[in-house]
Structures are given as C-alpha cells and as structure tokens.
Amino acid sequence: KQIGSASTNSNAKRIFDFKNWQLGGLDALRENKNILLSSAAQRPASERDSALMTLAKMYLANAMGAESLGFLQMIENYTPEIANTAEFRAIRGAAKTLDYKTESAFSDMAIKELDEFEEIGFWKAVALADIGDWQQAIKVMPKSASLLYEYPERILNRIGPVAAEVALRDGNTDLSNEILTIIEEKRDSLNDQQIAAVNYLKGEQSRQLDEIGQTEQYWEPLVNGKDDLYRAKAGLALARLKIDEDEIEPAEAIDALERLRYSWRGDELEARIGYWLGRTYFEAGEFVKGLNLMREAATVAAGTSFGSNITNEMTDLLTALY
C-alpha cells in the first residue's frame, strides 16, 4: 500500500504499511540491506532514493527508529526537496517517535497534508504524551483502535501503552480496553517494563469502571515489583485509591507517600507524588507542611497546566482555611 491507500480494517486511509515494509523481518534485515545498498550508488537518482526509502521503511517497520532515520538523512542529503513531502515527514516522524525524539517527531507530523490520515493521530498523540501534553494528545487521538490491529508487535509495544494511557486520561475506557486487548494478544513479545505498563493501565481502567478489587489486584504486585517507574506510579495510585475508599488512615497514607517521595525524580510523576503528599498532610491538619510540599511540587511542574492547577488549588485552600 502507498500513502493514501484504503485500510483493510476500516474506511480510513492508511499511511503506513508496516506488514509489507518489514521485508521478512529481523532475520532478513542484513541481507536486504546489502542487496539494496550494493548498487544504490550506481543507480539513477530516483532509483537510488527509492532503494534508500525502502531501507528506511524496512527499519521503521522493524521498530528500529535510529537506523531508519539514518537512511532518511541520506535521502535528504541527496535530494533535499523530498523532506517537504507528506510521506517523508510521516515516516521520519514515526521513526523519531520510536527513537524518543518526540518533540521533533510531532513537528514533522503536524502538517495539514497529514490531517486526512486518521492513523497519524496515534503517532501524534504518543509524541504529545511523551512530552507531557496530555490534553493535546487527547484531542488528536483517533476514536477507534482498529488501525492498530496490523501493527508489528515491536511497534505496538512502543506506542500502544502510551495510546492506552491517553485514552484513560480522557476517561475513554472503551478505547483503552480495545488498545490493551490488542497488546494482550501479543503479550509474549512484551518486555518486563511493558508488562508492568499494561498491568498498571489495566488497573487504572478497572478503577475508572469502579472495579476496586480488580484494581488492587493489578497494582499491589507493582508496588513491590522491580520496575522503578511503575512501582512509583502504582504506589501513588494505590495510596490515593485507599484514601478515597477509606481503607487507610491519613497517617498510613502519608507513610506510603513519604516512601515514594524520592523514588522517582525529574518529571510530572515527581510533582504528582509531592502534590498528593502535601495534600494529604494538609487534610491531616498539618497545613504549613502540606502547603510547602505542594509549593515544591508546583515548582517541579512549573510551566505546565498541572503546575498551574497546583498553584490555583493552594490559593483556594488558603482562602478556605482563613
């Protein structure tokens, strides 16, 4: 399929044809590379660029973003004007997303010519989520996950959990369940962190569906697990859940959150742990300590909507207090 071809799963246009671009998968990568490169330099310019683009697509389809970017750069060096085409920018944006160059990836994909492709919405949503812009990610997220069914496991394992989290932050449990079901069908290909991510998200999905017992079954093992990120995320989420369900006293919640305080540093999660710890201290009557911790969290989250929300809430709490 080429850019603009019809999907086999829906009426939406497809821009990526990963199944065919894989060219035999990882086992055939080296042989395909040698064949395509062996005569590329001697070919006419159009054939040379076509061979290099085939290699870029092959590495992208096999979830090797950095290698794909290398071949795309070669094409751009030979033929600079090609970098302005919608197909080139879509492929480069996807490769950058796989390689976690997500701010630049979104810039590549945020062009009018790609707006007609629903599929690109998943990639834009993942790129936006990676840089912490969850509200914009929600806005560009497709309404159905049917376009993901044909995605190779290694690509799906990278973007699927992030897409599911975007859906859950929008409260769309139907979409999150569809995405997580597709991932679960290929669970054997997940690494330990991806398994932790899926279990955390399934717990959050259960929480939103008011299935509290099921939620705790997903999150409790993560709190004592080996993955630092999901130990912190599940620890925070579980403490908040137990506070809301009156399963623990404020002192127990504070103790649990204090243990998480230095477990994850440098992003929104650190700010959220600090915020909820401060909020819990405040609700337990330790107003000064609570507000100081919330102020620290707002500083960590400075320049984000979450940071602004903390500052506004502190003003409201002070007004109510005095």
Side-chain angles (χ1 to χ4, degrees), residues 100-103 106 125-138 158 161-166 168-170 192-201 203-204 207-208 215 218-244 248 250-284 286-318:
Y100 292 90
K101 296 179 172 67
T102 40
E103 190 165 355
F106 181 75
V126 170
L128 287 164
D130 278 353
I131 60 177
D133 194 344
W134 295 96
Q135 291 304 313
Q136 288 300 316
I138 289 167
R158 160 69 176 105
V162 184
E165 184 167 357
V166 173
L168 285 168
R169 288 193 180 224
D170 190 34
D192 289 344
Q193 185 178 61
Q194 290 163 345
I195 291 172
V198 169
N199 288 337
Y200 172 78
L201 293 168
E204 173 58 20
R207 185 195 68 80
Q208 291 189 21
T215 302
Y218 281 121
W219 284 346
E220 289 280 8
L222 294 176
V223 173
N224 301 308
K226 297 179 180 179
D227 187 90
D228 291 340
L229 173 60
Y230 288 98
R231 185 167 63 247
K233 293 184 78 164
L236 172 60
L238 194 59
R240 289 174 53 192
L241 177 68
K242 289 185 175 182
I243 292 170
D244 292 342
I248 57 176
E252 295 175 89
I254 288 170
D255 184 56
L257 291 170
E258 282 283 9
R259 289 197 300 270
L260 293 175
R261 189 175 175 185
Y262 301 107
S263 64
W264 191 262
R265 306 300 295 254
D267 60 14
E268 184 185 309
L269 179 57
E270 179 190 356
R272 289 192 177 278
I273 292 170
Y275 161 75
W276 281 105
L277 178 59
R279 177 69 183 267
T280 306
Y281 268 117
F282 189 93
E283 291 173 348
E286 296 191 45
F287 305 123
V288 174
K289 188 167 187 176
L291 289 170
N292 283 335
L293 285 168
M294 292 174 72
R295 185 179 297 109
E296 289 176 12
T299 300
V300 172
T304 69
S305 59
F306 181 54
S308 298
N309 291 342
I310 296 174
T311 302
N312 292 336
E313 185 172 333
M314 289 175 65
T315 301
D316 293 341
L317 289 172
L318 280 167

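- Open room surrounds CD on E103; 12 or fewer heavy atoms of other groups in view lie less than 6.0 Å from it.
- Remark: D267 CG is packed, more than 12 non-hydrogen atoms of other residues, nucleotides or ligands lying under 6.0 Å away.
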Item to complete: In sequence, state the C-alpha distance, the side-chain angles, and the governing distance for V166 and V126, and then conclude on side-chain contact (heavy atoms from CB on, under 4.5 Å).
Response: CA-CA 8 Å; V166 173; V126 170; over 6 Å; no

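- At least one side-chain heavy atom of I254 sits under 4.5 Å from a side-chain heavy atom of L277.
- Side-chain contact between D227 and L222: absent, with no pair of heavy atoms (C-beta onward) separated by less than 4.5 Å.
- Annotation: cation-pi geometry satisfied between R158 and Y100 (NZ/CZ under 6.0 angstrom from ring centroid, within 45° of ring axis).
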Worksheet item: Which is it for W219 and Y200 under the side-chain contact (heavy atoms from CB on, under 4.5 Å) test, yes or no, and what are the steps along the way?
Response: CA-CA 6 Å; W219 284 346; Y200 172 78; 3.4 Å; yes

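- Going from atom OG1 of T304 over to atom CD of Q135 covers 11.5 Å, rounded to the nearest 0.5 Å.
- Taking every heavy atom of both residues into account, A239 and I248 meet most closely at O-CD1, 4.1 Å.
- Just one residue in the list E270, E204, E165 forms a salt bridge (Lys or Arg N to Asp or Glu O under 4.0 Å) with K233, and that residue is E165.
- In plain terms, the two heavy atoms of G290 and Y281 that are nearest each other are CA-CB, 3.8 Å.
- In this structure, F306 and Y275 have perpendicular ring planes: the angle between them is above 60°, well past the 30° mark.
- With values rounded to the nearest 0.5 angstrom, R279 atom CZ is found 10.0 Å from I243 atom CD1.
- In this structure the side chain of L241 reaches within 4.5 angstrom of the side chain of R207, judged on heavy atoms.
- Within the 4.5 Å cutoff, side-chain heavy atoms of F282 are placed close to those of L317.
- Between L201 and P161 there is a side-chain heavy-atom pair separated by less than 4.5 Å.
- Atom-to-atom distance recorded for T102:OG1 and D130:CG is 4.5 Å, nearest 0.5 angstrom.
- The minimum heavy-atom distance linking A129 with A137 is given by the pair N-CB, 4.1 Å.
- Applying the side-chain contact (heavy atoms from CB on, under 4.5 Å) test to V223 and every residue at least two apart in sequence or in another chain returns A234, L238.
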Fill in: side-chain contact (heavy atoms from CB on, under 4.5 Å) between K242 and E252, worked out
CA-CA 10 Å; K242 289 185 175 182; E252 295 175 89; over 6 Å; no

Discussion item. Using the rule given for side-chain contact (heavy atoms from CB on, under 4.5 Å), can you reason through Q208 versus T215, listing the C-alpha separation, both sets of side-chain angles and the distance that settles it, and then say yes or no?
Written reply: CA-CA 9 Å; Q208 291 189 21; T215 302; over 6 Å; no

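- When all heavy atoms are compared, the tightest approach of I273 to R261 is CG2-CA, 4.0 Å.
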Determine all donor-acceptor pairs shorter than 3.5 Å in which one atom belongs to a side chain in residues 291-298; sequence neighbours excluded.
{"residue": "N292", "atom": "OD1", "partner": "R295", "partner atom": "NH1", "Å": "2.8"}
{"residue": "N292", "atom": "ND2", "partner": "V288", "partner atom": "O", "Å": "3.3"}

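- Atoms OG and CD1, from S305 and I310 in turn, are 10.0 Å apart once rounded to the nearest 0.5 Å.
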Discussion item. Walk me through whether D255 and R259 qualify under salt bridge (charged side-chain N to carboxylate O under 4.0 Å, His left out).
Written reply: CA-CA 6 Å; D255 184 56; R259 289 197 300 270; 2.5 Å; yes

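- Taking CH2 of W134 as the reference point, atom CG of L128 lies at 10.0 Å (rounded to 0.5 Å).
- The line from CG of L236 to CZ of R272 is 8.5 Å long, rounded to the nearest 0.5 Å.
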